[in-house]
Asks: 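One structure, as C-alpha cells, below. Some questions next.
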Amino acid sequence: MNIFNDHRKLYPIAGLLFAFLTYIVVVMPAFDNQYNNLPLPGTKPLSGDAKAGKLIYIAEGCVGCHSQQVRNVEMDKMFGSRPGMASDYANIGRTSIWQNTATLMGTERTGPDLTDVGNRQPSKDWNLMHLFNPRSVVPQSIMPAYKWLFEIKAVPSKTDVVVSMPEQFLNGKTGKVVATKEALQLVAYIQSLKQTPLPSGTMPAEFLYKKEVVDTKNSKEGESVNGKSLYEANCAACHQVNGEGLKGAFPSLKGSPVVEGENLELYVDIIMNGYDARPEFGVMAGVGTNMNLTENEVAAIINYERSSWGNKGKKVTPEEIKKIIDFIKIKVSATNQ
C-alpha cells in the first residue's frame with residue numbers, strides 16, 4: 001500500500017477515520033442521551049431572572065466549589081431525597097451559541113451540594129446575607145463574600161431590596177445594604193434549585209440503591225426522629241445552633257414567647273408556612289411545607305426547641321401536631337379559593 005507514502009491520500013483517509021470514530025464515540029451517545037432522557041414531569045422551567053442568575057452563577061465560578069449531584073452514599077442523604085439521574089439534567093443546554101454546556105454538576109464540594117438547596121434553604125433574606133458576607137449566617141464558612149453584588153445606601157428607595165445585615169458586618173460603613181439586580185437574579189437561580197419528585201409509584205433504577213434490611217417487628221413510627229438533628233438541618237442556619245438567632249436578621253428562640261407559649265397553632269403555622277409579621281427581621285420561609293415535614297418531625301423540632309437553651313415549654317405529641325397541620329391546610333385552602 002502506498003497510502004502511507006502519499007500524504008494527499010493519507011491525510012483525507014485519517015481525517016475520515018477520525019470523524020467516523022468521533023461520531024461513534026461522542027455524537028451517537030449524546031443523541032441517545034438527548035432522546036431517551038427527558039425532564040421529569042413536574043420539572044419547572046427557569047424564570048427569566050433565574051436564567052440570568054444561572055449565567056452569574058457560572059461567571060462567578062460557583063461551580064468550582066458547589067456540586068449539583070446526589071450520590072447513593074450516606075453523606076449525600078442531606079442533599080436530596082433520592083440519588084440523581086439523567087433526567088435531572090435533561091433540560092441543561094448550551095450556555096449560548098458560542099459557549100458549551102456548563103458543568104453545573106461540579107467536580108468537588110468545598111461547599112455543600114446545591115441540588116435541592118431551594119427546598120433546604122428557601123429564605124431569600126438568608127441567601128442575600130450569605131452572599132454579602134457568608135460569615136454572617138455561617139461563622140465557619142470559607143466562602144468568599146460577593147459584596148460587589150450589593151450597594152450601601154444612606155436612604156434606600158421604596159423599590160430597593162434591603163438586606164437585614166447586622167452592623168458588625170458593615171466594616172464601619174453606615175447605611176443600608178441594598179441588593180443589586182444581579183444579586184437578586186443569582187438568588188432567584190439558587191432558590192430554583194429543587195429536586196423534582198418522581199411520579200407517584202415510580203423509583204429510580206434499582207441499582208442506585210443499597211439493599212437495606214429493616215427490622216419493622218419492634219419499630220415504632222417516629223421512634224428514630226431526632227429533634228436536634230432536624231433542628232440543625234432545617235432551622236439552625238438562621239436561628240443558629242445556640243438558638244439565639246442573629247440580631248437584626250433572625251429572631252432568637254431562646255425565651256421566645258412563641259416557643260414557650262400556649263398558642264400551638266401559631267407555632268405550627270410558622271414552621272409549616274413561614275412568618276412575615278415582624279419588619280425588624282427577615283421573612284421566614286415555610287420550612288415544614290417546603291421540606292414535607294411529617295407530624296412526627298414537627299413535634300420533634302418543637303420539643304427540642306422547647307427543652308433547649310433554658311426554655312421550659314410544654315412537650316407536644318405527634319397526634320396534637322397532626323390535628324393542627326390538618327386544620328391549617330384546610331384554612332389555607334379556604335383562603336386561596
Asks: Is it true that a side-chain atom of Ser67 and a backbone atom of Glu108 form a donor plus acceptor pair closer than 3.5 Å?
Replies: no
Asks: I need the minimum non-hydrogen distance between Thr174 and Ile152, along with the two atoms involved.
Replies: O-CG2, 3.4 Å
Asks: In plain terms, say whether Asp113 and Arg120 are close enough for a salt bridge, that is, a side-chain N and a carboxylate O under 4.0 Å apart.
Replies: no
Asks: Give a yes or no answer on whether the side chain of Arg306 reaches the backbone of Lys315 with a donor-acceptor pair at less than 3.5 Å.
Replies: no
Asks: May I ask you to decide if Ser229's main-chain N or O and Glu232's side chain share a donor-acceptor pair within less than 3.5 Å?
Replies: no
Asks: Could Lys323 and Glu320 be called an ion pair, given the rule that one side-chain N must be under 4.0 Å from one carboxylate O?
Replies: no
Asks: Using ring-ring contact (aromatic ring centres under 6.0 Å, His included) as the criterion, list what pairs up with Tyr267, not counting sequence neighbours.
Replies: none
Asks: Determine the minimum heavy-atom distance between Ser123 and Phe250, stating which atoms define it.
Replies: OG-CE2, 4.4 Å
Asks: Could you check Val298, Asn296, Ile271 and say which one makes a side chain to side chain contact (heavy atoms under 4.5 Å, CB included) with Ile321?
Replies: Val298
Asks: Ignoring hydrogens and geometry, is there a side-chain-to-backbone donor-acceptor pair from Asn127 to Lys124 under 3.5 Å?
Replies: no
Asks: Of the non-hydrogen atoms in Asn133 and Ala145, which two are nearest, and what is the gap between them?
Replies: CA-CB, 4.2 Å
Asks: Taking the side chain from Asn263 and the backbone from Val258, do they hold a donor-acceptor pair closer than 3.5 Å?
Replies: no
Asks: Would you list the pairs meeting side-chain hydrogen bond (donor to acceptor under 3.5 Å, both in side chains) in which at least one residue belongs to residues 138-152, sequence neighbours left out?
Replies: Glu60-Trp148
Asks: Do side-chain atoms of Ser252 reach the backbone of Gly245 as a donor and acceptor pair under 3.5 angstrom?
Replies: no
Asks: Does atom CD of Gln168 have more than 12 heavy-atom neighbours from other groups under 6.0 Å away?
Replies: yes
Asks: Just by distance, do the side chain of Trp126 and the backbone of Ala237 share a donor-acceptor pair under 3.5 Å?
Replies: yes
Asks: Does Ala299 offer a backbone N or O that forms a donor-acceptor pair with the side chain of Asn303 under 3.5 Å?
Replies: yes
Asks: Aromatic rings Phe150 and Phe132: how do their planes relate, parallel, tilted or perpendicular, breaks at 30° and 60°?
Replies: perpendicular
Asks: Any donor-acceptor pair under 3.5 Å linking the side chain of Gln191 with the backbone of Pro122?
Replies: yes
